[in-house]
Amino acid sequence: MNFLLAAISLGFLGSFHCIAMCGPIAMALPVHHKPPLIKYALILLYNLGRIITYSLLGLFAGIIGKSFALAGLQQSLSITLGILLLVSVFLPFKYSSGAYPFFLGIKTAFERLFSKGTQSSLFFIGLLNGLLPCGLVYVGLAGAVGTGELLNATLFMAAFGAGTLPMMLLLPLASGIVTVPFRTKMRKVIPFAVTLMAVFFILRGLNLGIPYVSPKVSGGEAINCHALNCQPTKKQ
């Protein structure tokens, strides 16, 4: 499935950016005194929480995308999302001050969970971590909305989370491997990946008759959008 490959690629590239935000949390997890196998099992549990939150966010994104699809606005939504993604490349996202109380509440919950230091608390730390403000997550959610399907949107965000998994699992060992210059180079690739996704969304919405990329949809047809692999289907 093309959309899963796109989501995993975005997550993997984005993980080099996420080291700055999620890295300190991952490094602070109370697992360093554990034996290696148990340590990485607990880190995996923490990351499972993150991926579950991403998947649930994807489900809500799919509800929005499905609503537009049922209203016959899938193409307009696709073009709009593409434009917004392009804008995000040149005008980085800034967080509204109105969201600070929400994120302050997450910070307080983090402190309580870290103080417990239990295995189950690691899972809930991961769940909360998925709610932290992150521009790459919002790009992923835009892609999920564009799928126009609940299941595909959920899978898109799950795949996005899976793409971040290798770096998050290797982070405790990666300090000497993933150097600052290397992370800087990888972060420079992210705008190109987002731009490619934006161009794809815009092309898909322009109804150019390009198979799999911009399928032609006439007035008597409706788009049956299976993620990033849309195909026109006749209305019954």
Side-chain angles (χ1 to χ4, degrees), residues 1 3-62 102-103 105-141 143-144 150-180 182-183 186-187 189-190 193:
M1 295 182 180
F3 78 100
L4 291 180
L5 179 60
I8 291 174
S9 300
L10 181 64
F12 179 74
L13 292 173
S15 66
F16 292 89
H17 166 81
C18 294
I19 288 175
M21 176 176 291
C22 300
I25 296 174
M27 294 298 293
L29 294 175
V31 298
H32 300 288
H33 62 287
K34 303 286 186 180
L37 289 178
I38 296 178
K39 173 182 176 179
Y40 280 96
L42 293 175
I43 293 175
L44 183 61
L45 182 64
Y46 154 76
N47 282 284
L48 178 62
R50 283 195 312 112
I51 294 174
I52 288 177
T53 296
Y54 291 154
S55 300
L56 291 175
L57 292 174
L59 176 62
F60 287 113
F102 173 74
F103 297 123
I106 292 180
K107 179 178 180 294
T108 302
F110 266 132
E111 293 172 350
R112 292 175 180 173
L113 290 169
F114 269 103
S115 65
K116 289 182 179 180
T118 62
Q119 295 182 5
S120 61
S121 67
L122 295 177
F123 175 72
F124 289 105
I125 288 172
L127 287 176
L128 287 176
N129 191 24
L131 296 175
L132 289 176
C134 176
L136 263 298
V137 172
Y138 301 145
V139 170
L141 287 173
L150 273 65
L151 177 60
N152 288 334
T154 303
L155 291 175
F156 188 96
M157 288 306 295
F160 170 85
T164 68
L165 194 55
M167 184 53 60
M168 292 297 104
L169 288 177
L170 291 174
L171 190 57
L173 300 176
S175 58
I177 301 173
V178 185
T179 61
V180 172
F182 179 73
R183 293 200 303 266
M186 292 303 297
R187 282 198 296 266
V189 179
I190 295 174

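Proximity of P30 to L122: side-chain heavy atoms (C-beta onward) are separated by under 4.5 Å at one or more points.
The OG1 atom of T108 sits 10.5 Å away from the CG atom of L128 when rounded to the nearest 0.5 Å. The NZ atom of K34 sits 12.5 Å away from atom CG of L29, with the distance rounded to the nearest 0.5 Å. A distance of 8.5 Å separates OG1 of T164 from CG of L169, quoted to the nearest 0.5 Å. Considering CG of L127 and CG of L48, their distance stands at 8.0 Å, rounded to 0.5 Å. A distance of 12.0 Å separates CD1 of I8 from CG of L13, quoted to the nearest 0.5 Å.
Taking both residues in full, the closest heavy atoms of A144 and A153 are given as O-CB, 3.4 Å, listed atom of the first, atom of the second, then distance. The heavy-atom pair separating N47 from M168 by the smallest distance is OD1-CB, 3.2 Å. Minimum heavy-atom separation, R50 to N129: CD-ND2, 3.0 Å. Shortest non-hydrogen contact noted between S15 and M167 is OG-CB, 3.5 Å. Shown here for L45 and F123, the closest heavy-atom pair between the two residues is O-CD1, 3.7 Å.
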Trace of the side-chain contact (heavy atoms from CB on, under 4.5 Å) decision for L59 with S55: CA-CA 6 Å; L59 176 62; S55 300; over 6 Å; no
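With a 6.0 Å radius and a threshold of 12 heavy atoms from other residues, nucleotides or ligands, F60 has its CZ atom at or below the threshold.
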Below 3.5 Å, can you tabulate the donor-acceptor pairs from side chains in residues 154-161 to any protein atom, sequence neighbours excluded?
from	atom 1	to	atom 2	distance (Å)
T154	OG1	L150	O	2.9

